[in-house]
Amino acid sequence: MKPPAFAYHRPRSLADALDVLARLGAEAKVLAGGQSLVPLMSMRLAAPAALVDVNHVPGLDSVEVTADRVVVGALARHSRVEHDPEAYDAVPLLRRALLLVAHPTIRNRGTTVGSLVHGDPAAEMPAVLCLLDGFVTLRSASGSRDVPADAFFTGPMESDVRPGELAVSATFRRPPAGSRSSFLEVSRRHGDYAVCGVGAVVSDGTARVALIGVGAGPVLVPLDEPDDPDRVAAAVDAAIEPEDDIHATADYRRHLAQVLTRRALAEVS
Amino acid sequence: MTTRLFGERVPRVEDPRLVTGNGRFLDDLGHDALEAAFVRSPHAHARIVDIDVSEALDVEGLVAIYTYDDLDGRTGEALPLLIPHPTLTHGRTPHALARDEVNHVGEAVVMVVATSRYVAEDAAERVRVEYDFLPAVVGIEAARAAEELVHDDVPGNLAARMVQQTGDADAAVDAAPNLLELDLEIERSASMPLEGKGVLARWDPDDESLLVHTSTQTSTSVRQALAAKLGLPVDRVEVVTPDVGGGFGVKIVHPWPEEILVPWAAIRLGRPVKWTEDRREHFVSSAHERGQLHHVRVGYDDEGVLAGLSVRFWHDNGAYVPYGLIVPIITSTQLLGPYKPGVYRVEFDSLYTNTVLVTPYRGAGRPQGCYVMERVMDAIAAERGIDRTVVRERNFIRPEEMPYDHGLIFQDGRPLLYDSGDYPATLAKLKKLVGWDGFEAYREQARAEGRRVGIGLACYVEGTGVGPYEGGHIRVETDGTVVVSTGLTTQGQGHRTMLAQIVADELGVPFDRVRVTTGDTRRFKYAVGTFASRTAVMSGSAVALTARSVRDKALTIAAEALEVDVEDLEVVDGHVRVKGSPSSSIDLGAVAVLSNPLRYAFDEAAARATQFAAPADPEKPPVGPGEQPGLEGSDYYSPPRSTFANGMHAVVVETDPDTAEIRVLRYCVVHDCGTLVNPMLVEGQIHGGVAQGVGGALYERMEYAPDGQLLNASFMDFLMPYASEVPEVEIDHLVTPSPLNPLGVKGAGEAGVIPGAAAIASAIEDAEGLTITRMPISPSELFALRAAHRKETP
Ligand SMILES: Cc1cc2nc3c(=O)[nH]c(=O)nc-3n(C[C@H](O)[C@H](O)[C@H](O)COP(=O)(O)OP(=O)(O)OC[C@H]3O[C@@H](n4cnc5c(N)ncnc54)[C@H](O)[C@@H]3O)c2cc1C
C-alpha cells in the first residue's frame with residue numbers, strides 16, 4: 001500500500017497552478033484534501049504521473065455569501081463550510097448535509113469542491129449542488145467555464161473536469177426566503193458513505209428531492225405534486241437505478257429511497 | 001501497612017508512553033533496515049507455471065528477489081503443524097514461499113528486498129507469475145460437497161473429523177417429549193489488530209547472532225522455531241517483542257512465513273531487513289475465524305429441561321491448518337456453557353477451502369458455540385412459551401454441583417471440569433442490572449411511541465488459563481528497584497500494571513519500584529505465550545510465587561544482619577523491619593547488597609549496606625552450598641487444568657420499523673473471573689471484547705466471491721464498529737475465586753466478545769418476532785428477513 005513514484009508540484013499562485021496543469025495535461029491530478037486521492041494512490045488504484053498540490057495557492061479557501069448565493073472556494077475544507085455562520089444562515093442545507101460527510105478529522109482536510117470533483121455516487125455534496133441549482137467554476141490556462149450541476153456529474157467517480165482544468169469554486173444558489181430543506185440518510189456506520197440518502201428542498205409549493213447511493217450520481221427528482229404520496233413514490237421509483245453491493249441489496253435501497261423521501265418531505269412540509 | 005494493591009483500580013503504567021506517542025512499535029524500529037515486500041497470489045487456487053523476475057531487476061534500489069527455489073535447508077520445508085491431534089489425519093501447512101501451488105488469494109509467492117518499501121513494491125509489481133488456474137473451493141457448502149478439492153491428496157476436503165459423546169445422545173433426543181432441529185450459521189470475521197504483523201531482523205556477523213523483533217504473541221516459541229528453521233544454535237537467536245498494537249489471536253500463530261523469511265534474508269544479505277505488514281496484506285495473508293455451520297437436534301421435557309443434545313457442525317479451516325483443531329475443539333466443548341445438556345454428542349468436520357487460513361481470534365471458537373447453545377435456549381423458550389431466563393435457569397449447573405465434570409476432553413487435553421462458578425447468582429445480577437422483569441412495560445411504552453424494541457441475553461462459560469506453565473524472574477537491585485520479567489508477551493492489555501500490582505503486594509514494596517518486562521527472550525527463555533485468557537492466571541501466579549521466594553530470601557539475609565528471627569520480620573514499603581519495632585529495619589536495596597559478597601562500593605547504597613555485613617567466617621566459603629549471590633529468584637506456575645470463568649450479557653436493541661436499522665440501546669454485562677487484580681483493566685478487557693462482539697454481530701464479515709476473491713479487504717468495506725457504534729457497557733462483577741491457583745483468579749481477556757452475536761440475535765428476534773439463524777445481520781438482511789417472514793405468515 002505504497003504509491004508508485006510520481007512528480008510533485010507545489011505552485012504558489014493560481015497562474016502557476018494553471019500553467020503547470022496546462023503543461024502536464026492528462027498526466028497530472030490535482031491534490032486538494034487528499035482524503036480520497038491518497039488512499040487510491042496507496043492502493044495503486046490511481047497512479048498519476050504527477051500531482052499538482054494546490055494547497056499553497058492563495059485565495060482559494062474562501063466561503064463567500066452574497067444575497068443570492070454561497071460560493072465555496074477550492075480549498076475551503078468541509079469543516080470550514082460547515083462552521084461558517086453566514087453560509088448556514090443563507091443555506092442551512094450545507095451544514096445539514098456536511099454533518100453526514102465522514103468524520104470531523106476527515107472534514108478538517110477534505111474539501112467540498114474536491115468532493116464534487118471526485119463524484120462518488122453516494123456522496124452528499126453533489127446532491128446538494130443539484131438541489132440548489134449550483135454550478136462549478138473551472139479555470140484553465142486558456143479560460144474559464146461554469147458547468148451546472150446537472151451536467152457536471154457524468155458518471156460514478158466521474159465529473160466534467162478536463163485535463164488542464166482546476167475547479168476553483170462551487171456556487172450554491174440561495175433558495176427563496178421561506179424555503180425549507182432536509183437531508184436524511186442511512187449509512188452502515190456513523191460517517192460512512194450513504195447506503196441511500198435523500199436531500200429535499202421545498203419552496204413556494206415546489207419541491208425537489210435528490211437521492212444518493214441509488215444511481216450513477218445524484219438523482220434529482222422534481223416533484224410536481226409533493227403532497228400526493230403515490231405520485232411522489234412513483235416519481236422516485238422511476239428515477240433511481242439502485243444496484244446490489246456487499247452492504248445492501250438493490251431492493252433494500254429502493255425501499256430506503258421511499259422511506260427517506262417520505263421522511264424528508266414530512267420534515268420540510 | 002503498605003496498602004494492598006490487589007483489587008485496586010491502579011492506573012496503567014503503560015499509558016504515559018503510549019498516549020504521548022512514545023510507544024515503539026515494530027515499524028518505529030530499524031530505520032536503517034532494508035525493507036521487504038511480497039508478490040502474493042491474486043488467485044485462490046492455481047499452479048505456478050513460471051516466475052519471471054527479469055523486468056524487476058532494473059528497478060533502482062532493488063537488493064534481492066527470492067522465490068521458493070532459493071530457500072535452502074529447512075526453510076524450504078512446509079511450516080510446522082503446531083498442535084497435532086490424532087483426528088487431524090490430513091493436516092496441511094504452507095511453505096514460507098509457495099512451492100508449486102497457491103491455495104488462497106494472498107499466499108506469498110515471491111519475496112522482494114529493496115532499499116525501501118516503496119521500491120520493493122515497485123519491483124514486486126514487475127514480477128510476472130504465470131499460473132494455471134484450478135477451481136476454487138469457497139464456503140463450507142462447496143467444501144463439504146467436495147466436487148473440487150483444495151489439496152489433491154485430501155479427499156472430501158476433510159482435514160479432520162472428531163466425535164465426542166457422553167452417551168447415546170440421539171436416542172436421548174428421540175426419547176424426549178419434545179424435539180427441535182435447528183440449522184445455524186455464523187460467518188467469518190478476524191482479529192484485525194490495529195497494528196498488523198511485522199518483523200525486523202539483524203544479523204551480527206561478529207557475534208554470529210541473530211536479533212529479531214517481531215510483533216508476536218509468543219517470542220519464546222518464535223525463537224525456537226527460528227533456530228530450528230535457520231539451522232542456528234538456539235543460544236545465537238534472541239526474539240524481542242516491541243510494543244504490540246493488538247493481537248487478538250492472530251499473532252499467536254508462529255512462525256508466520258515472514259518470520260522465517262525476513263531473518264533468513266538478513267543473514268544472507270548481512271544487513272538488517274524489515275517487513276511491516278500493510279492492511280491489505282493483513283486481510284489476505286494473516287488469518288480469519290468464526291465461519292461454521294451447525295445442525296442441532298435437541299430433546300427436552302415440558303419444562304424445557306434438556307434430555308439430549310446432538311450437534312453436528314462443519315468448520316471452515318481455510319487453506320491450511322498450522323494451528324490444528326483448537327478452534328473447533330473449543331466450539332465443541334464450550335458450546336455447553338453453564339448448562340447440563342443431558343446426553344451430549346458432538347461431531348465436527350474441519351474442512352479445507354481456498355481462503356485465508358483460520359486460527360483463533362479472541363473467543364477462539366466460543367462465540368460460535370455460545371451462539372448455537374443460546375439459539376437453542378431461545379428456541380426452546382419460544383416453543384414452550386417459557387421466559388428465556390427461566391429456561392436457562394432450569395438447565396444451569398448448580399453451584400453445589402461444582403466442581404462439575406462434563407465427561408469430555410477440553411482443548412488442553414484435560415477433562416472439561418468446571419472448577420467453580422455460581423450461574424444462578426450471575427443471572428440474578430444480570431436480570432437486576434438490565435431490568436429484565438420490567439421490560440414488558442418498557443416495550444409497551446416504546447410501542448406507544450411507534451418504536452420497536454427487544455431484549456436478549458446470552459450466557460457463556462470460558463475455560464481460561466490453559467497450561468502448561470509460565471514463569472517469572474524477579475531481581476531486587478541494590479537501589480531497591482524490583483525488576484520482574486515473564487516470558488509471555490503483551491499486546492496492550494496492561495500486563496505491566498497488573499503484574500507489578502501482584503509483585504508489589506507479595507514483596508512488600510511500593511508499586512513504583514517495580515518494573516516489568518514481558519516477551520523478551522534475552523530476559524526470560526521459557527514461556528508459552530499470551531492467548532486463552534491466561535496471563536493473569538499463569539504469569540500472575542508465577543510472579544506471585546517468585547515474589548514469595550525472593551521475599552523469603554530477603555528475610556533470611558535480613559534476619560542475619562539484624563540478628564533476629566525470620567519470624568519476627570515483616571516487609572513494609574520496601575523495608576525489612578522488626579515487627580513492633582519499625583526503627584530496626586533495613587531496606588531491600590541494602591539486603592540486595594548483602595546478598596552479594598562482592599561489595600565494591602560503586603554507589604551509596606552499597607556503602608551504606610556494609611554496616612550490616614556480619615564478619616565473614618574465615619572457615620566458610622563466602623557463598624555457601626545452596627546459596628546464590630544476588631537477591632533474585634525464579635519460579636513457575638503450572639496448573640492441573642484450565643480454570644473456568646463465566647459471564648452473562650443482556651442487550652436491548654431498537655429496530656427501525658421502516659429502515660430496518662438496528663441500534664443497541666443498552667449492553668449489560670455480569671462477569672465472573674474470580675478475584676480481580678485490577679477491576680479497571682478487567683473492565684477495559686470487557687469493553688474491547690464487547691466492541692468486537694458488536695462488530696461480529698452487526699458489521700463484520702469476510703465477503704468472499706465464489707472465485708475466492710476477498711471483496712472487502714480494506715477498512716472501507718470491512719466494517720469494524722467505530723466508537724459511535726459501540727454502546728455504553730454497563731458492568732457488574734461476581735467473584736467466585738478459582739481454587740486452582742494461588743491468587744484465585746480466572747482469565748478475563750476473551751470474555752467480552754463471546755456472547756455478543758448470541759445476545760444480539762436474541763434481542764433482534766425479540767424485537768421483530770421472527771427467527772434468526774444466521775449472524776452477522778445487516779439492516780439490508782433484516783429487511784429481507786421481514787419480507788420473507790411476511791410471505792410465510794400472510
Ligand atoms: C473514511 C472516509 C469517509 C468518508 N466519508 C464520506 C462521506 O460520507 N461522504 C462524502 O461525501 N465523502 C466522504 N469521504 C470523502 C471526503 O469527503 C473527501 O475529502 C472528498 O471526497 C474529496 O475531497 P478532497 O479535498 O480530499 O479531495 P482529494 O482527495 O484531494 O481529490 C479527490 C479527487 O478530486 C480531484 N480534485 C480535488 N480538488 C480538485 C480541484 N479543485 N480541481 C480539480 N480536481 C480536483 C483530485 O484530483 C482527485 O481526483 C470520506 C473519506 C474518508 C477517508
Side-chain angles (χ1 to χ4, degrees), chain A residues 1-6 8 35-36 38-45 47 99-100 102-106 120 122 157 184-198 213-214 233 242-264 266, chain B residues 35 37 59-61 114 116-126 196 276-283 656-663 694-695 698-705 710-726 778-784 786-787:
Chain A
M1 293 176 80
K2 303 281 186 224
F6 54 87
Y8 174 81
Q35 299 300 294
S36 299
V38 173
L40 286 174
M41 290 172 62
S42 292
M43 291 190 269
R44 298 196 176 210
L45 297 173
L99 286 170
L100 299 171
H103 311 101
T105 44
I106 292 161
D120 192 297
M157 311 300 216
L184 297 174
E185 72 180 37
V186 169
S187 60
R188 288 302 318 273
R189 297 169 303 182
H190 179 82
D192 281 350
Y193 277 109
V195 172
C196 175
V198 177
V214 288
E243 287 179 9
D244 288 339
D245 69 13
I246 62 174
H247 301 304
T249 60
D251 271 357
Y252 177 60
R253 288 195 160 89
R254 202 168 269 289
H255 170 75
L256 285 182
Q258 295 296 343
V259 174
L260 295 174
T261 300
R262 223 162 36 233
R263 288 183 181 176
Chain B
E35 292 201 80
V59 171
E60 207 182 307
S116 79
R117 175 67 180 246
Y118 290 82
V119 175
E121 288 193 21
D122 288 346
E125 210 173 45
R126 288 171 174 76
T276 308
E277 184 180 60
D278 71 27
R279 187 54 53 188
R280 187 157 49 183
E281 288 183 292
H282 188 78
F283 269 101
D656 187 301
D658 295 321
T659 64
E661 287 168 286
I662 304 160
R663 204 150 63 92
V694 168
L698 298 175
Y699 299 101
E700 298 169 7
R701 55 160 44 110
M702 291 294 168
E703 202 72 52
Y704 270 104
L710 184 58
L711 300 177
N712 59 342
S714 86
F715 280 164
M716 208 160 66
D717 286 315
F718 179 80
L719 309 177
M720 294 174 77
Y722 299 131
S724 44
E725 279 63 48
V726 180
S778 68
S780 182
E781 287 160 320
L782 178 56
F783 169 75
R786 283 176 180 172

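Order of the sequence lines sets the chain letters (A, B, ...), proteins ahead of strands, with each chain counted from 1. Because the structure is a prediction, the values reported are computed rather than measured.
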Participant: Below 4.5 Å, heavy-atom pairs only: which of B/Ala120, B/Pro779, B/Pro721 has the largest tally toward chain A?
Facilitator: B/Pro779
Participant: Is the number of heavy atoms from other residues, nucleotides or ligands within 6.0 Å of CZ (B/Arg663) greater than 12?
Facilitator: no
Participant: Check each atom of A/Val259 against the heavy atoms of chain B and say whether the ones under 4.5 Å are side chain, backbone, both or neither.
Facilitator: side chain
Participant: For chain A, find which of B/Glu781, B/Arg279, B/Glu125 contributes the most heavy-atom pairs closer than 4.5 angstrom.
Facilitator: B/Glu125
Participant: Hey, are the side chains of B/Thr659 and B/Phe783 touching, using non-hydrogen atoms and a 4.5 Å cut-off?
Facilitator: no
Participant: Okay, side chain of A/His190, backbone of A/His103: is any donor-acceptor separation there less than 3.5 Å?
Facilitator: no
Participant: B/Ser780 side chain to A/Thr249 main-chain N or O, any donor-acceptor pair under 3.5 Å?
Facilitator: yes
Participant: Using heavy-atom distances under 4.5 Å, tell me whether A/Arg253 contacts chain B through its side chain, its backbone, both, or neither.
Facilitator: neither
Participant: Give the minimum heavy-atom separation between B/Leu711 and A/Ile246, together with the two atoms involved.
Facilitator: CD1-CG2, 4.1 Å
Participant: As an exercise: rank A/Gln258, A/His255, A/Met43, A/Arg262 by heavy-atom pairs under 4.5 Å with chain B and give me the winner.
Facilitator: A/His255
Participant: Which heavy atom in B/Asp122 sits nearest to a heavy atom in A/Pro4, and how many Å separate them?
Facilitator: OD1-CA, 3.7 Å
Participant: Need one label for A/His247: side chain, backbone, both or neither, based on atoms under 4.5 Å from any heavy atom in chain B.
Facilitator: both
Participant: Contact part of B/Asp656 toward chain A, heavy-atom cut-off under 4.5 Å: side chain, backbone, both or neither?
Facilitator: side chain
Participant: Checking heavy atoms, do the side chain of B/Glu703, its backbone, both or neither come under 4.5 Å from chain A?
Facilitator: side chain
Participant: Can you label the angle between the B/Phe283 ring and the B/Phe715 ring as parallel, tilted or perpendicular, going by 30° and 60°?
Facilitator: perpendicular
Participant: Can you tell which part of B/Glu281 gets under 4.5 Å to a heavy atom of chain A, answering side chain, backbone, both or neither?
Facilitator: neither
Participant: Apply the side-chain contact (heavy atoms from CB on, under 4.5 Å) test between A/Pro242 and each candidate in A/Val214, A/Val195, A/Leu256; give the one that qualifies.
Facilitator: A/Val214
Participant: Checking A/Pro39 against chain B: side chain, backbone, both or neither under 4.5 Å from a heavy atom?
Facilitator: neither
Participant: Sort A/Asp245 into side chain, backbone, both or neither according to what part of it lies under 4.5 angstrom from a heavy atom of chain B.
Facilitator: neither
